[in-house]
Structures are given as structure tokens and as C-alpha cells.
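Okay, structure first, notes after.
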Amino acid sequence: MSVNLTLLIVMGALYACGIYLILERSLTRVLLGLMLLANATNLLILATGGYAGLAPFYAKETGAEDYSDPLPQALILTSIVISFAVTAFMLGIIYRTWVLARQDDIQDDVEDLRVAETPSFDAEDDAEIPAETSEFPVATVMAGGREMPAEHAAAEEKPGSTNVAPGPEGGGK
Amino acid sequence: MNIASFAPLAVVLPILGAALTFLLIRHSRAQRAVSIGLLSLTLLLECLLLASVWDGGTAAVTIGGWLPPWGIVMVVDQFSSLMLVVSSAVSLAVLVYATGQGMADGDHDAPVSIFHPTYLILVAGVSNAFLSGDLFNLYVGFEILLTASYVLMTLGGTGPRIRAGVTYVVVSVVSSVLFLIAIAMVYGATGTVNMADLAIKLGELDQGTKTLLHVMLLVAFGIKAAVFPLSFWLPDSYPTAPAPVTAVFAGLLTKVGVYAMVRTETLLFPGDTLNTPLMVAALLTMVVGILGALAQNDIKRLLSFTLVSHIGYMVFGLAMSSTAGLGAAVFYVAHHITIQTSLFLVTGLIERRGGSSSVDRLGGLAKLSPLLALLFFVPAMNLAGIPPFSGFLGKVGLMQAGIELGTPLAYALVIGGVVTSLLTLLAIARVWNRAFWRKPSDAEHPDPVLLAAPGVRVAGPGAKLNTVTLLPRTMVGSTLGLVVLGVALTVFAGPLFKVSDQAAHDMLNRSSYIQAVLGEDTVVPMILTAGGGK
């Protein structure tokens with residue numbers, strides 16, 4: 001299988017320029033890069049078909065070994081149509097970006113920036129929760145005819161507490 | 001006349017529907033009827049296809065009468081028909097949901113009329129990719145679905161969608177170029193693009209060339225399937241699209257990538273050359289993905305990260321290249337398509353009911369709408385792999401296959417899988433606690449929609465609520481249908497596991513596929529393994 005050296009060099013140059021261009025931040029250049037990559041790939045497919053021969057299926061007397069391989073050309077045709085559609089769509093997107101933001105640059109993801117700027121503090125997980133220091137279960141006592149936690153009952157014993165159970169005459173307040 | 005000869009209709013019917021709905025672009029009611037009708041017909045056809053191969057066997061259809069390996073073939077086997085049925089069922093549910101949303105919102109804030117044709121083209125692309133028995137036709141299927149997805153992703157052309165769309169389009173185009181380069185290389189090396197023919201001819205190449213082609217194809221499909229480290233684009237681009245679009249993307253598009261990886265690994269490059277790198281990639285995908293999910297506040301972004309993380313399980317099953325592992329992976333793909341889509345649809349409903357999809361702005365949804373809470377809870381627990389749901393069964397299948405394999409790396413993956421499952425539960429439980437259980441007033445920045453009493457409509461910036469129903473019956477109904485389908489996968493897990501194991505056995509054996517395409521008397525070469533794994 002012989003290959004066309006010029007086509008190979010052109011293909012290499014197209015790949016190099018294409019990869020350089022898609023690394024840019026400007027959308028138009030990215031688009032140009034994608035177009036170059038698609039065309040370089042078309043040349044690659046052409047190269048896989050081997051040397052150029054006679055038109056296939058045209059004349060009966062042509063031997064099978066004199067044909068060019070028709071399949072890569074069919075593949076290239078399909079791939080040209082696809083890259084055409086994608087290019088048209090990308091142009092639409094670039095125009096829309098220009099209308100919306102008046103700039104041709106790829107913009108950063110807002111949510112990514114927010115997550116990157118968030119400190120490692122989490123309001124829910126890292127909140128100060130007062131630790132339960134007592135090893136004893138909270139006891140309840142009978143006080144003033146009601147059941148209440150021991151510490152509350154203790155507080156009510158103190159002078160000046162207004163929260164006293166009513167006496168049998170209804171007084172106490 | 002065999003039912004399998006109708007397989008191309010699975011691609012033709014949606015394309016026909018796309019043409020019809022495009023003609024009916026000014027008649028939204030007729031558009032809805034045509035697209036739902038044709039998609040139901042497609043689903044019916046695909047169920048018949050699945051039934052015809054349920055007990056095993058593979059059927060190949062030659063397109064236009066050109067015999068393989070020259071012409072294009074479509075291949076129906078258990079794996080492809082199972083994927084077709086699940087994907088069509090899911091896309092039908094999403095379509096009903098989307099029409100419900102369009103009707104509720106009055107079709108005025110987005111060019112919704114273009115939605116139906118584009119959506120049907122997407123379905124046709126997915127079906128084509130699943131059925132294709134030809135590497136280049138697989139590429140065309142990918143391009144059809146990707147081009148349709150570019151349009152759906154940027155529907156309405158708002159600022160955030162365009163920004164997310166740029167990332168998505170550029171990454172997808174680069175992965176497609178890689179795929180095309182790989183096809184050119186494969187054609188240059190073997191002189192064919194028919195997958196059954198390739199299965200024979202690739203085996204005759206020397207090891208270096210084979211590994212190069214193998215790696216190129218896996219990288220191209222890895223970007224589409226969002227396998228770490230090629231998954232960076234997914235959480236940035238999916239969440240900004242409209243809810244039904246995100247749902248169908250999350251359910252289907254990455255799985256088409258996984259499907260292509262499975263075909264590459266089993267049919268084109270059998271053996272265990274790249275099993276170790278794939279296992280490492282699977283482990284990293286699971287762990288890195290779920291750690292990303294834990295950092296998110298927005299439910300849609302969180303689900304996108306869990307999507308990436310759970311792709312790791314499928315790659316794990318694939319990388320074991322044992323019948324048990326691959327069978328569990330096939331089951332897991334079917335389970336995950338359904339569950340992930342229903343979760344995204346529920347998130348769409350949460351966004352309508354609570355006004356936002358950020359957990360900082362939500363609260364008390366369990367009390368406000370118990371049905372919504374149920375719809376979220378069931379698939380969420382299913383995703384995290386709580387028994388007895390299908391997520392649990394699929395994970396147990398994978399773990400068993402991993403322990404059966406018994407290498408240190410397989411044990412590491414089993415542990416990684418369990419940890420990922422627990423972390424998924426943690427991420428989901430956080431959403432549950434904050435969005436559903438606490439009081440609406442406890443939210444950090446409660447959304448006005450959330451605080452408004454029932455019946456009161458909010459004016460101001462969110463004023464489109466004046467005209468919309470919060471939870472339209474069509475949307476809730478289609479989500480409910482999908483959740484029920486997810487539960488049905490649990491109930492019918494027995495027969496489903498049997499089919500997926502058999503599909504895995506056929507795929508690893510290859511002779512059924514190759515002989516269906518190239519004729520009964522084709523000699524299938526033996527699989528050479530480099531030693532090591534089974």
C-alpha cells in the first residue's frame with residue numbers, strides 16, 4: 001500500500017493547528033480548530049483507502065486491483081455532512097453568546113466557582129452543638145403535683161420563683 | 001417472515017415521527033398525538049423484538065439487501081433489545097412529562113414546537129446506536145443523537161444554557177473526532193468496518209496495533225459514557241437543561257457510551273488486555289464521582305455527580321469479563337436508566353412545587369406534598385442500593401462476581417463499591433433531610449413559592465406561577481409510571497437476571513453474534529488471554 005506523502009504532511013499540519021486552536025478561549029478559534037480537526041480526519045480516512053486508482057464500478061473491463069477503494073469516500077462524505085451540521089450549530093451558539101454577553105470567550109461555570117470559593121465549613125455539619133456532659137440519665141421528680149426534670153424542679157425551689165404549683169385554696173401566685 | 005426483520009423500524013418510526021411533527025409545527029395538539037403515538041408504536045415493536053430473542057439467539061437484518069461484510073447490518077440480540085425496550089419506555093415517559101410541562105406552562109417561554117421533532121430524532125439515534133452491527137453506522141447513530149442533544153441542551157437559548165451548551169458541544173465533537181480517527185485506523189488495519197467481520201480480523205493483528213486501536217475506541221466511548229477522568233464535562237452541562245431534557249440525557253446518553261464500551265470489550269477486543277486499567281478507572285469513577293456529589297447543594301448537580309459515580313459500577317462489571325460480572329452490569333444498566341431518569345423527573349417536580357432545586361431554599365416538602373416525597377423516596381433508596389430494591393440486587397451481583405474473581409484489585413473494587421453505595425445514601429439522605437423533613441421556615445433562603453400558603457399565588461419575579469399549576473397531573477402521572485417501572489425491575493429481577501446472564505454469556509462467547517451476521521458456517525477464532533484473570 002502506497003500513500004501520498006503530501007496529503008500526510010497536510011494532515012499533520014491540520015491536526016497540529018486544530019489542536020492548538022481548540023485550546024484557545026475564544027469560541028470562534030475553537031470552532032476553527034474543530035473544523036481543521038474534522039478535515040484532517042477526512043484526509044486520514046482517505047489515506048486508509050490506499051493509492052488512487054480508476055473509478056470503481058464504472059467500466060466492466062477494469063480489474064478489481066485497479067479500483068480505488070470506494071468505501072472511504074462514502075465515509076468521508078458522511079463525515080463532511082455531519083461536521084457541516086455541527087459547524088452551523090456552533091456558529092449559531094457563538095452568535096447567541098455574542099448577543100447575550102457581548103463576548104466571544106468561553107465562560108466559567110458559575111456553580112464551579114461557587115464550590116471552589118466555599119470554605120470547608122458547613123453550617124449544618126460543623127455547628128457548635130453543646131455537648132451532653134452528664135453521665136446520668138435525666139431524672140424526673142414529682143414536684144407540685146407534676147412530673148418535671150430534676151433540674152427544673154431544683155430551680156423552682158429557689159426563692160423568688162414565680163412558677164409554684166397552686167395551693168389547695170387556689171393561691172400561691 | 002421473522003419479527004426481527006422489522007428491527008429497522010425502531011429507527012425509521014421515530015424519524016418518520018420527526019418529519020411529521022416538523023410539518024405540524026403550528027399544531028401543538030396534533031404534534032403531541034403524533035409523537036406519543038409513534039413512540040408507543042416503537043416501544044411495542046421493541047417489546048416484540050425482545051420477546052423474539054428472550055430465549056436466546058441473535059438475528060441480523062441486512063439493510064438494502066447488501067450482504068455483510070459489505071452492507072450495513074442491524075443486529076438484534078438480548079442485550080441490544082433489552083436496551084431498546086428500557087430506553088424507549090423511559091423516553092416515552094419523559095415525552096409525556098414534557099408535554100405535560102409544555103401544556104401547563106402554556107408553551108410561551110421557549111420554542112417548544114421544535115422540541116418534538118428534535119426529541120424523536122434523539123430517540124432514533126439512540127435506537128440506531130443500539131442496533132448497529134457496523135462500526136461506522138454506530139458513529140452515525142452517535143452523531144444523530146448528539147446533534148439532537150445539542151439542540152435540546154440549548155433549548156430557549158438562555159445565557160446559562162448557552163454557556164453549558166458550549167462545553168457540551170465542544171467535548172462531544174472532540175470525542176466524535178477521536179471515534180472517527182479510531183474508525184479510520186481500524187479500517188486501515190483491517191479493511192472492514194463490519195463489527196462481526198472485525199471480530200475475526202482484529203484478532204489476526206499484532207498485539208501493539210490491537211492495543212492502540214482498543215485504547216482509542218475506549219477513550220472515545222469513555223468520554224461519551226463519562227468515565228473518570230473523562231467525566232469532567234457532565235456535571236457542568238447537564239443540570240442547566242430543562243428538567244425532562246436532563247432526565248433523558250442522564251438516563252440514556254451515557255448508557256449508549258457504556259453499551260459501545262461493552263461491545264468493544266466483548267466483541268471486538270475479547271480477552272483481558274485492558275481489564276486492569278478499566279478496573280482502576282471504574283474505582284476512580286465511583287469514588288471521585290460520589291465525593292463530588294457530597295459537595296453539592298443543588299439537587300440536579302448532585303444527581304449528575306451520582307450519575308458519573310454509578311457509571312463506575314457498570315465499568316466494574318464490564319472489566320471483570322466474566323459471565324457473572326457482565327450479566328450484573330447489563331442488569332445494572334437497565335436499572336440505572338430507569339432510576340436516574342425518574343430521579344431527574346422528580347427533581348423537576350420539586351423545582352415546580354418548591355420553586356428551586358437548591359436544598360438551601362427548600363424544606364418541608366414531605367408535608368406540603370406527601371406524593372412528591374414518596375416519588376422521591378422510592379427511586380432515591382433504589383439508587384443508594386437499599387434492599388430489596390433492584391439497585392441492591394444489581395450491586396450484590398457485581399460484588400459476588402468481584403469476590404468470585406478474587407484478585408486484590410477486584411476486592412478493592414468491591415470495597416469501593418460498598419463505600420460508594422453508603423456515600424450515595426449519605427448524599428441522598430442529606431437532600432431528604434433538608435428538602436423534605438425540616439420546616440419550610442428552617443431553610444437558609446426559603447423560596448417564596450415554598451412559603452406561600454396553598455391556593456395563594458405569588459406575584460413578583462416568579463410571577464409565572466400566576467398562570468401555572470404547581471403539579472400537573474400528566475407530569476406526576478408519567479413520573480409515577482417510571483417509578484413503578486423501577487419497582488417492577490425489582491419484582492421481576494429473577495427473569496431479568498436470567499436474561500442478562502444469558503446475554504453476557506452470548507456476548508463473551510461471540511459465536512452467536514458472528515454467525516448470525518456472517519452465516520452459520522463461519523469459524524469463530526478462539527479468544528486468547530494473556531493469562532491472569534479468567
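Chain letters run A, B, ... following the sequence lines, proteins first, then strands; residues in each count from 1.
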*Between B:Tyr139 and A:Ile82, does a side chain to side chain contact (heavy atoms under 4.5 Å, CB included) hold up when you go through it step by step?*
CA-CA 10 Å; B:Tyr139 167 76; A:Ile82 291 172; 3.8 Å; yes
*Candidate pair A:Thr78 and B:Glu143, rule side chain to side chain contact (heavy atoms under 4.5 Å, CB included), full reasoning*: CA-CA 10 Å; A:Thr78 316; B:Glu143 285 305 311; over 6 Å; no
*Run the numbers on A:Ile22 and B:Val170 for side chain to side chain contact (heavy atoms under 4.5 Å, CB included), then give the verdict.*
CA-CA 9 Å; A:Ile22 58 169; B:Val170 172; 5.6 Å; no
*Please walk me through it: do A:Phe89 and B:Val169 pass side chain to side chain contact (heavy atoms under 4.5 Å, CB included)?*
CA-CA 9 Å; A:Phe89 186 78; B:Val169 173; 4.1 Å; yes
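For the side-chain contact (heavy atoms from CB on, under 4.5 Å) criterion with A:Thr41, the lone passing option out of B:Ile183, B:Leu180, B:Leu178 is B:Leu180.
Within 6.0 Å of atom CH2 in B:Trp437, 12 or fewer heavy atoms from other residues, nucleotides or ligands are found, so the atom counts as exposed in its surroundings. Sparse packing is recorded around OH of A:Tyr95, with 12 or fewer heavy atoms of other residues, nucleotides or ligands lying under 6.0 Å away. Remark: B:Phe22 CZ is loosely packed, at most 12 non-hydrogen atoms of other residues, nucleotides or ligands lying under 6.0 Å away.
A heavy-atom distance below 4.5 Å is found between the side chains of B:Tyr187 and A:Asp69. Within the 4.5 Å cutoff, the side chain of B:Trp70 has no heavy atoms near those of the A:Leu71 side chain.
Only the side chain of A:Leu34 comes within contact range of chain B, with at least one heavy atom under 4.5 Å from a heavy atom of that chain. In this structure, the portions of B:Val151 lying under 4.5 Å from any heavy atom of chain A include both its backbone and its side chain. Of the two parts of A:Leu27, only the side chain, counted from C-beta on, holds a non-hydrogen atom closer than 4.5 Å to a non-hydrogen atom of chain B. A:Leu46 does not touch chain B: none of its heavy atoms, backbone or side chain, sits under 4.5 Å away. Using a 4.5 Å cut-off between heavy atoms, B:Ser176 makes no contact with chain A at all. Only the side chain of A:Tyr15 comes within contact range of chain B, judged by heavy atoms closer than 4.5 Å.
The distance from atom CZ of B:Phe136 to atom CG of A:Leu75, rounded to the nearest 0.5 Å, is 4.5 Å. Remark: A:Leu100 CG to B:Ile162 CD1 distance equals 6.5 Å, nearest 0.5 Å.
No other option in B:Thr154, B:Val193, B:Ile181, B:Val177 has as many heavy-atom pairs under 4.5 Å with chain A as B:Ile181.
Smallest separation of non-hydrogen atoms from B:Ala184 and A:Ile45: CB-CG1, 3.7 Å.
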